[in-house]
Amino acid sequence: MYEFTPARLDYAAELNPEQYAAVCTQAQHALVIAGAGSGKTRTLTYRVARLLESGVPPWRILLLTFTNKAAREMLERVAQLTGRGSGQIWGGTFHSVANRLLRLHAPRLGYQPGFSILDADDQRALFRALTKQFSGKTTKSDRFPKPEVLMSLHSLAINTGRSWQQTLTDDYDHLEKFEEAIGKIYTAYQARKMESNSMDFDDLLTNMVRLLREHADLRAELQQRFLHVLVDEYQDTNTLQAELIALLSGGSATSLMVVGDDAQSIYSWRGANVDHIFDFTHTYPDAEVYKIETNYRSVPAILEISNAAIAQNSRQFVKTLRPARDEGRLKPAVVPAPDNRTEAKFVAQRIDELMADGIPGKDIAVLYRAHFHSMDVQMELTRNHIPFRITSGLRFFEQAHIKDIVAWLRLLSNPRDEVAFRRIVGTFPRVGDATAGKLWQGWLSAAEAWFAAHPGEQTITAPHSEVMKKVKAPAAAGLHWGGFLTSMDSLHPADRQLTPTELVKLVQNYMNAYMRSAYDNYEERMEDIDQLIKSLSDMPDLESFLSQVALLSEVDNDSLADDDCVTLSTIHQAKGLEWKIVFVIFLGEGLFPHYRVISSGDPDDIEEETRLFYVAITRAEDQLYLTFPRYNGHSYDSQYCPPSRFLTTLPEELFEVWNM
């Protein structure tokens, strides 16, 4: 270990006492619990600077992060602090560091140093080819999973340390009937990568861990090289990452510092394991634990409610965020709304008022548990001409599965809509562009003949199965063509006109099998459609609904300055960010926490949901609004929604209730 020498920087003056203790520790193993807004990045940056000023050669420091941006910002800041270049520090993401080491040692695993890295498109193309080869000829009625689904299953298995068979049983049980074919595809996938001297992103970690496990001499060499290993966001590490850290830092002279916050561990669904941070002191009994609890982000009233929220968890490193700021005494507002549409109207109206008072849109965020929670807010912001950006994905009606549903309604309304027609038949198994083109020509000819015989009609009112009976469907589409026409018949019964809600329900039932095979997050996408159904009951007719969708899709914020746009984001995507004013919406029991978490009965799942709520409210600097709808939906299709347990367990003196 290096003894600390006199420094050029005045660390005691530039850091608070908690940060200073962590930065200057000489413990071989250190766990730094850095609360939200407490200066975690600053602590890590100054730690690296202190090591350099103490004489540690830069190439003997390894800094592991989760994003290239985080690594770049920290290393740039180190260079500014120390007045020397930081290029020789081994700093970067787990994947980038693994890639750098594998370039030197890949031949030990049978690869050449110039191996290629497959990106997502490369993987998709390879899986698509293998699916054609191994999915078999007996799946005319069954829909074999799309390449994206197979890729997600494969990656989840690797990052959780499970076999793909176990992951199939645990998380993709509806695909178990394809187990034999999936096994052949995965075996061939591994072989193809080796043949082409290629790795995917998961292989970078898998092969790096394997290299260190199987080659003791290389493991010892790297452990001697890296005198100091520092890890950012340790609570987010998965099984592979945790093992890689242990293998690289296992030398007797190596010091390991991990920095994170157990209260912000919210990514178990993608393989992160909070046990790694909880078990650190058991793995390293000599470890020193440092808590950084001074918050520089939020006003006291927001921190009080944040501390109360996370106090509900029994498993945690107990800490209390203390405010560095003393201004702002406006209590967070809890806002019950009669229904989800009224909730959205409140959010839009309040944002309009705040922006009228001079607050830029970039300082305002609307956060939610699931993407479908944002649909009504998107519609209300659009109606009120309030620009917004979505960081959690596409706008609601631009998502593929929503466009799949809407395509049926567009075709029903306008049988000459070629784009909608091709989108629908493109969901048929083994139907490509050529087959879709032949079907379209047959469909259009039959439709024009019907319109010629029925002048003045704007849409086909006769049964589609009759109008299209002379269309010759290619063999590849024959089985599904008949089902498609029968389904189109059901959308316009002879005795009455169906409502938009009824139409979407019918299409949803027909599309269910396709969506299971096409989307790995099938359940979340079905929730989107369920929310669409709940929000349609006040739409008078199909034309009104399609007009609204078209108008929403036409909104273009790309030309607007960032200052103009409000941020809409899932909480998972918002972690690490902050805004002056934050709205957390859909805080109803069964919505947040999610009903699947509640029904699982697993206390660990509930505690992660609590951490997710904590992450949401600690994004706010000045003002916080917590809203929920008493009913989700309208008229006969509404569902009673009691307030979330996250609200009912908060001490009443910490917030104000704004009644509508």
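Please read these numbers as outputs of a predicted model, since none were measured by experiment.
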Is any side-chain heavy atom of [X] closer than 4.5 Å to a side-chain heavy atom of [Y]?
X	Y	answer
T618	I310	no
H29	L31	no
E293	E18	yes
I351	I581	no
K40	Q264	no
V48	L44	no
Y46	R77	yes
Y284	S249	yes

Option among R611, K319, R315 that satisfies the salt bridge (charged side-chain N to carboxylate O under 4.0 Å, His left out) test with D262: K319
Check whether [X] reaches the backbone of [Y] with its side chain - one donor and one acceptor, N or O, closer than 3.5 Å.
X	Y	value
H572	I266	yes
D10	A13	yes
R60	Q224	yes
S298	A620	yes
T254	F226	yes
S155	S152	no
R619	E578	no

Regarding [X] and [Y], do their side chains bring together a donor and an acceptor under 3.5 Å, going by distance alone?
X	Y	answer
E288	T25	no
R50	Y11	no
T41	E73	no
T627	E343	yes
Q349	E353	yes
S314	E607	yes
D203	Y111	no

Geometric class of the Y625/F583 ring pair [parallel <30°, tilted 30-60°, perpendicular >60°]: parallel
What is the distance from atom [atom1] of [X] to atom [atom2] of [Y], rounded to the nearest 0.5 Å?
X	Y	atom1	atom2	result
E214	L109	CD	CG	6.5 Å
S38	Q19	OG	CD	7.0 Å
K291	T320	NZ	OG1	8.5 Å
S265	K575	OG	NZ	8.5 Å
L650	L626	CG	CG	7.5 Å
T206	I158	OG1	CD1	4.5 Å

Worked check of side chain to side chain contact (heavy atoms under 4.5 Å, CB included) between W269 and L156: CA-CA 9 Å; W269 49 275; L156 182 62; over 6 Å; no
Derivation of the side chain to side chain contact (heavy atoms under 4.5 Å, CB included) call for V274 and E608: CA-CA 9 Å; V274 71; E608 179 158 342; over 6 Å; no
Carboxylate-amine/guanidinium contact K580 E621, below 4.0 Å: yes
Near-ring test H373/Y368, centroid separation under 6.0 angstrom: no
Derivation and outcome, side chain to side chain contact (heavy atoms under 4.5 Å, CB included), residues T567 and T391: CA-CA 7 Å; T567 297; T391 63; 3.9 Å; yes
Could you tell me which non-hydrogen atom of [X] sits nearest to which non-hydrogen atom of [Y], and how far apart they are?
X	Y	value
I386	A348	CD1-O, 3.4 Å
Y614	A263	CD2-O, 3.4 Å
F628	L587	CB-O, 3.2 Å
A34	D261	O-CB, 3.2 Å
A98	L204	CB-O, 3.5 Å
F592	F586	CB-O, 3.8 Å

Audit row: E609, R645, salt bridge (Lys or Arg N to Asp or Glu O under 4.0 Å) steps and yes/no: CA-CA 11 Å; E609 289 283 287; R645 67 187 66 189; over 6 Å; no
Could you give the side-chain donor-acceptor pairs of residues 238-248 under 3.5 Å, partners two or more places apart or in another chain?
residue: N238; atom: OD1; partner: L240; partner atom: N; Å: 3.1
residue: N238; atom: OD1; partner: Q241; partner atom: N; Å: 2.9
residue: N238; atom: ND2; partner: N159; partner atom: OD1; Å: 2.9
residue: Q241; atom: OE1; partner: N238; partner atom: N; Å: 2.9
residue: E243; atom: OE1; partner: R213; partner atom: NH2; Å: 2.8
residue: E243; atom: OE2; partner: R213; partner atom: NE; Å: 2.7
residue: E243; atom: OE2; partner: R213; partner atom: NH2; Å: 3.3

Heavy-atom neighbours of F317 CZ exceed 12 at 6.0 Å: yes
Within 45° cone of F115 ring axis and under 6.0 Å: R103 NZ or CZ: yes
Working for side chain to side chain contact (heavy atoms under 4.5 Å, CB included), residues L222 and L62: CA-CA 10 Å; L222 292 177; L62 173 62; over 6 Å; no
Return all side-chain donor-acceptor pairs below 3.5 angstrom for residues 301-308, not counting sequence neighbours, or 'none' if the list is empty.
residue: S306; atom: OG; partner: I302; partner atom: O; Å: 2.8
residue: N307; atom: OD1; partner: L321; partner atom: N; Å: 3.0
residue: N307; atom: ND2; partner: L303; partner atom: O; Å: 3.2
residue: N307; atom: ND2; partner: L321; partner atom: O; Å: 3.1

